[in-house]
S.K.: 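So that we are looking at the same thing, I have put the structure below in structure tokens.
Convention: sequence-line order gives letters A, B, ...; per-chain numbering from 1.
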Amino acid sequence: MNTLPVSFYTRKDIIAISRELLGKALVTEIEGQKTSGIIVETEAYAGPADRACHAYQRRHTARTAPMFREGGIAYIYLIYGIYHLFNIVTNEADEPFAILVRAIEPVEGIDIMMHRRKMNVVKPQLCGGPGTLSMALGITTRFSGESLQGPHIRIEDRDIRVAKKDIISATRVGVAYAQEDALLPYRFYIRDNPWVSKAKGL
DNA sequence: CAAACGATTTTCT
DNA sequence: GAAAATCGTTTGG
């Protein structure tokens with residue numbers, strides 16, 4: 001439908017892309033099950049110069065390989081041996097930039113999402129965090145490196161407008177180890193949205 | 001080859 | 001509020 005084209009992702013301004021992603025729909029169709037949600041929180045990881053980025057100093061390993069490819073694909077990795085975090089690769093090939101999607105507001109397949117999360121009431125813990133949204137949408141590391149043009153994962157523009165004044169920028173979560181780069185205002189979220197993550201240290 | 005650790009979330013005290 | 005859960009990736013010997 002209105003799936004965002006590769007050209008949306010290959011641009012160099014990761015901050016602009018991070019802000020524009022707010023209000024877009026993240027859609028997955030996995031094993032015949034369609035689920036989706038509106039992106040309400042993102043975090044930019046700005047390439048070789050960003051201490052918080054897995055590709056800091058161009059660290060190119062089997063895990064980070066997708067980040068060195070052309071934008072428009074997924075970079076997914078396992079964190080704490082438990083959760084799969086979903087990132088959107090941006091910029092051109094050999095420029096390892098990526099955006100972590102930290103929270104979504106559920107839209108389609110909410111029943112499926114609740115089943116995957118083993119929950120029986122709809123509340124922010126369903127998909128209001130980077131680990132939980134991946135679980136709710138069925139995203140795992142096996143999709144790392146896959147295209148965001150489908151068939152499994154895509155991002156759509158559904159004409160949802162987010163006013164500039166409703167986009168808050170703040171410091172990123174869980175990156176204290178990045179020293180001075182931990183202070184960069186690279187986290188973006190929609191003001192007053194109840195699905196924005198409420199992890200520790202916020 | 002062994003060991004430490006993490007862009008988190010849940011559970012227990 | 002503190003600590004556990006849990007494992008692939010990375011780093012060190």
Side-chain angles (χ1 to χ4, degrees), chain A residues 9 14-15 17-19 21-22 26 37 39-69 71 73-91 95-106 113-146 148 153 168-189 194-202:
Chain A
Y9 305 101
I14 193 172
I15 301 304
I17 300 174
S18 299
R19 299 173 71 100
L21 281 169
L22 296 176
L26 174 58
I39 297 172
V40 300
E41 182 178 358
T42 60
E43 267 182 10
Y45 285 86
D50 182 358
R51 286 176 183 277
C53 184
H54 286 169
Y56 174 56
Q57 293 183 325
R58 311 197 80 80
R59 208 161 50 123
H60 196 315
T61 66
R63 181 178 67 149
T64 63
M67 280 203 280
F68 288 84
R69 291 170 55 192
I73 63 174
Y75 166 49
I76 302 160
Y77 68 95
L78 186 68
I79 186 65
Y80 298 114
I82 305 176
Y83 299 101
H84 302 258
L85 301 205
F86 172 73
N87 297 254
I88 296 162
V89 176
T90 71
N91 218 312
E95 291 296 336
F97 287 62
I99 299 169
L100 169 69
V101 176
R102 287 193 57 85
I104 63 172
E105 174 176 335
M113 295 169 70
M114 295 208 300
H115 183 254
R116 286 176 177 148
R117 293 276 294 125
K118 300 187 187 346
M119 291 174 64
N120 50 30
V121 294
V122 177
K123 52 183 176 180
Q125 288 102 295
L126 180 66
C127 51
T132 58
L133 80 83
S134 294
M135 190 180 299
L137 294 180
I139 293 172
T140 67
T141 54
R142 81 178 202 265
F143 298 115
S144 191
E146 268 207 20
L148 296 180
I153 308 174
I168 310 292
S169 59
T171 54
R172 295 174 290 187
V173 179
V175 296
Y177 63 85
Q179 303 173 46
E180 68 271 20
D181 288 340
L183 301 176
L184 295 170
Y186 282 179
R187 180 163 78 102
F188 304 93
Y189 60 93
W195 298 91
V196 169
S197 72
K198 298 169 185 62
K200 292 181 181 179
L202 296 187

S.K.: With centres under 5.5 Å and planes under 30°, do A:Tyr45 and B:dA7 count as stacked?
M.R.: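 It does: the two rings, one from A:Tyr45 and one from B:dA7, meet the stacking criterion.
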S.K.: Using a cut-off of 4.0 Å on non-hydrogen atoms, how would the nucleic acid contact of A:Gly131 be classed: base, sugar-phosphate, or nothing?
M.R.: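 Sugar-phosphate only.
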S.K.: Does A:Arg172 reach a base, just sugar-phosphate, or nothing at all? Heavy atoms under 4.0 Å.
M.R.: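 No contact.
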S.K.: Counting just side-chain N and O atoms, does A:Arg59 come under 4.0 Å of either OP1 or OP2 of C:dT11?
M.R.: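 For C:dT11, OP1/OP2 do have a side-chain N/O of A:Arg59 under 4.0 Å.
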S.K.: Name the nucleic acid region contacted by A:Arg117, choosing base, sugar-phosphate or nothing; use a 4.0 angstrom heavy-atom cut-off, strictly under.
M.R.: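 A:Arg117: backbone/sugar contact only, no base atoms under 4.0 Å.
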S.K.: Please measure how far the C1' atom in B:dA7 lies from the corresponding atom in C:dG1, and state the result in whole Å.
M.R.: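 Rounded to whole Å, the distance is 23 Å.
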S.K.: Taking all non-hydrogen atoms of both residues into account, name the closest pair between A:Pro66 and A:Ala74 and its distance.
M.R.: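 Reported closest heavy-atom pair: CB-O, 3.8 Å.
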S.K.: Check every strand shown and say whether A:Thr132 touches a base, only sugar-phosphate, or nothing at a heavy-atom separation below 4.0 Å.
M.R.: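 Sugar-phosphate, backbone atoms only, no base.
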S.K.: Report the base-pairing partner of B:dA7 (Watson-Crick or G-U wobble, both distances below 3.5 angstrom), or none.
M.R.: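 None - no nucleotide pairs with B:dA7, as no candidate has both distances under 3.5 Å.
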S.K.: Is the centre of the A:His54 ring less than 6.0 Å from the centre of the A:Tyr45 ring?
M.R.: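 Here the rings of A:Tyr45 and A:His54 have centres that are no less than 6.0 Å from each other.
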S.K.: Checking base pairs now: Watson-Crick or wobble, both atom distances under 3.5 Å. What partners C:dT6?
M.R.: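 For C:dT6, the partner nucleotide comes out as none, under the 3.5 Å rule.
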S.K.: What is the distance, to the nearest angstrom, from the OH atom on A:Tyr177 to the C1' atom on C:dT11?
M.R.: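 Roughly 16 Å, once rounded to whole Å.
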S.K.: Taking any heavy-atom pair under 4.0 Å as a contact, classify A:Leu85: base, sugar-phosphate, or nothing.
M.R.: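 It contacts sugar-phosphate atoms only.
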S.K.: List the atom of A:Ala98, the atom of A:Met67, and the distance in Å for their closest heavy-atom pair.
M.R.: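 The answer is CB-SD, 3.7 Å.
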